[in-house]
Amino acid sequence: MVKIIYFGIPGRAEVARLTAAIGKIEHEDKRVDFEEWQKLKQEGWAPFGQLPVLEVDGKYLAQSAAIDRYLAQRAGLLPADPWKAAQADQAYFFCEDVWQTLYPSFKIKDPEEKVKARQELLAGALADKLKLLSKVIEGRAGKFLTGDELSHGDLAVFCNLSTLKSGWLDGIPKDVLNDYPVLKDFRNSVAAVPAVAAFYADAKNNDDIRTTGFRADA
Ligand SMILES: N[C@@H](CCC(=O)N[C@@H](CS)C(=O)NCC(=O)O)C(=O)O
């Protein structure tokens, strides 16, 4: 039994939750609110004082990438071939680069300024990143990034694009992927994987962000 500890949003824990579900890894999806976290943080078990943390047999693992790769290996979603694993990783880590372009906008307090900043990103730095991601996905080895087998890289791209189009980020429209047909089709093909679709059909894995962003487009 492992425990995925994070806040009640998809954020940096969604790949882990999805991976555990797909791999039928017995787990607890422990969601804490920010106030509770302020107290838990003082207990000192989170290796770097942040979430997500994965608890495994009384030990604690931090860093979402480490958690996701560990669970992916247990779930059979980490390609055994080193080159394929590296290809999955390059897409996985590029998702972080995509978010890096957006993070400064989270700190903008004025709602109108925030929307304006994100619209500018959507026409500039974010667009550049999404175009690059499209190109890599267009050149993929098969149905998914490394061939016809699903990997942690596919799940990371899926989760990040789904969050982007969820309407959760003021200034980023729900139809954002219409300008990126390769990303839109790819996201839909991951959403249609039976185990992924089953995960989001389960009421306990649904909330506003997931309902509007993570399912296959109608
Ligand atoms: N590089 C880390 C970043 C972790 C991180 O930024 N966690 C944030 C939430 S996404 C957090 O715990 N914030 C609350 C805090 O720092 O106390 C990872 O990928 O896990």
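Quick caveat, the model's predicted, so the values are computed rather than measured. Counting starts at 1 for both ligands and their atoms, following the listed order.
- Sorted by first and then second residue, the pairs that involve residues 109-138 and meet side chain to side chain donor-acceptor pair (under 3.5 Å), not counting sequence neighbours, are Ser105-Arg118.
- Classified by interplanar angle (parallel below 30°, tilted 30° to 60°, perpendicular above 60°), the ring pair Phe158/Tyr200 is tilted.
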Could you pull out every donor-acceptor pair under 3.5 Å between side chains of residues 40-62 and any protein atom, sequence neighbours left out?
unit_1: Gln42; atom_1: NE2; unit_2: Gln38; atom_2: O; d: 3.3
unit_1: Glu43; atom_1: OE1; unit_2: Trp45; atom_2: NE1; d: 2.9

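- Arg140 pairs by the salt bridge (Lys or Arg N to Asp or Glu O under 4.0 Å) definition with nothing, not counting sequence neighbours.
- Sorted by chain then number, the residues whose non-hydrogen atoms approach ligand 1 to under 4.0 Å are Tyr6, Phe7, Arg12, Trp37, Lys41, Gly49, Gln50, Leu51, Pro52, Gln63, Ser64.
- In summary, Arg12 and Asp68 do not engage in a salt bridge, as defined by a charged side-chain N under 4.0 Å from a carboxylate O.
- Using the six-membered ring where Trp is involved, His152 and Tyr92 have ring planes that are tilted, between 30° and 60° apart.
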